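Report on the following structure.
The structure displayed is predicted, hence computed values, not measured ones. Just the heavy atoms: all of them, side chains too, but no hydrogens, waters or symmetry mates, feed the values below.
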Amino acid sequence: MSRFGQIWSCLLLAGLITWLPLRASAQDKPAAKPQIQIAILLDTSNSMDGLINQARTHLWKVVNEFASAKRGGQSPELHVALYEYGKSSLPAEGGFIRQVTPFTTDLDNVSKELFALTTNGGEEYCGWVIEKAVADLKWSDHAKDLKCIFIAGNEPFSQGPKDFRKSCKAAADKGITVSTIHCGDNSEGLRSGWAEGAKLADGTYVSINQNEVLPLVASPQDKELEQLSADLNKTYIPYGRADKRRELAVNQAAQDANASRSAPGAAQLRASVKASGLYRNAEWDLVDGLKEGVVKKLEDVKEEDLPEELKKLKPEERQAYVEKKAAERKDVQEKIKTLSQAREEHVNAELKKLRAGEGNTLDRAIIEAVRAQARTKEFEFAK
């Protein structure tokens, strides 16, 4: 071999030696957890009380639909954002629009904010609120993650100074679908631009009756599911600033109560969500925090950030206490899953007897559209 050949061989060998570990490192790196991002844009003008009520009462039904979703064997993280638009008490210079929550996994907070919404008259600028949601939210840059906007209202889609066509195109350019939900007559929604907006951003157009109320179906599992939901709360170990951890723990119970009062079956569907991987509270609960790595080690948490039940224990006893609560939670969650399945079968059978369908409501519009769109991103559903 010539001297040039020897030098070239040495360079190749050196390149191979430095390249192999990099390749192995890339293979060993765990895949990013798939995400489902849903931004819900609700018209809160005077005529939309029924719509807001449906959003409140059906939140847990919508979330529960995605508890069985997986991509590549991995369960997704569900991120929900909420906007309101069209209310005259909101600033006119901002288009009568408010971001209620950015993308969050804190479903209790989403519920809290939904129950705090009120309505009054205003101008409904669909193009403007879509533009803000596209620009202001932190959308995933992963091509296979599901990114979708749902906008619901009843005024012409073209209303306002912002061209909805440009807003929907900007969404489509980012891989975000825009599904439109017209509250009222289907033909009116077609005439007033709602269907066109959905088509421009690969979304779905539907019309709903925002005032429809589904029939009451009780089940033998209802009472026990509500009790198990309350029992589940006892397995949470709040950490962090004292006032903040109290607030978050209180809100968990408050949203149980809101669900229980809001509609038949809502509390039971909330219990089912709380038993799933979509209900995540790692930012304030030590069981979830340690499980997800938000808290690396229990001893890393400052003494003043621990709840009283842990402060009373010796440092070496604290880990055992957390593990005990984690085991209790798993046991309660399994009981909820079993009962929830039995309840679902009972309710479906009763609705069939009543010849009552799913209803022409907000939850059905969102569930059907997200499921269809999720399948294009290789998500699969167990049910």
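Around atom CD of Glu188, more than 12 heavy atoms belonging to other residues, nucleotides or ligands sit under 6.0 Å away. Few gaps surround NZ on Lys174; more than 12 heavy atoms of other groups in view lie less than 6.0 Å from it. The number of heavy-atom neighbours closer than 6.0 Å to NZ of Lys337, taken from other residues, nucleotides and ligands shown, is above 12.
For the pair Cys148/Val370, a side-chain contact is recorded, criterion being any heavy-atom separation below 4.5 Å from C-beta on.
With hydrogens and angles left out, the side-chain atoms of Thr177 and Gln373 include a donor and acceptor closer than 3.5 Å. When only modelled atom types and interatomic distance are considered, Ser47 and Asn154 share a side-chain donor-acceptor pair under 3.5 Å. The closest side-chain donor-acceptor pair between Asn46 and Thr119, if any, does not fall under 3.5 angstrom. Ser45 and Glu124 form a side-chain donor-acceptor contact under 3.5 Å, judged by distance and modelled atom types alone. Using a 3.5 Å distance cut-off with no hydrogens or angles, the side chains of Asp231 and Gln227 do pair a donor with an acceptor. Looking only at atom types and distance, the side chain of Glu247 has no donor-acceptor partner in the side chain of Asn251 under 3.5 Å away.
A cation-pi geometry, defined here as NZ or CZ lying under 6.0 Å from the six-membered ring centre and within 45° of its normal, does not hold between Arg261 and Phe115. At least one test fails for Arg245 against the ring of Tyr239: distance under 6.0 Å to the centre or angle within 45° of the axis. Under a cutoff of 6.0 Å and an axis angle of 45°, Lys162 and Trp128 form a cation-pi pair.
Separation of the Phe96 and Tyr85 ring centroids does not fall under the 6.0 Å cut-off. Trp194 has its ring centre no less than 6.0 Å from the ring centre of Tyr205.
In this structure, His79 and Phe103 have perpendicular ring planes: the angle between them is above 60°, well past the 30° mark.
Salt-bridge check for Asp300 with Lys296: failed, with every basic side-chain N at 4.0 Å or more from each acidic carboxylate O.
Under the 4.5 Å side-chain heavy-atom criterion for Ile, Leu, Val, Met, Phe, Trp and Tyr, Phe150 and Phe157 are members of distinct hydrophobic clusters.
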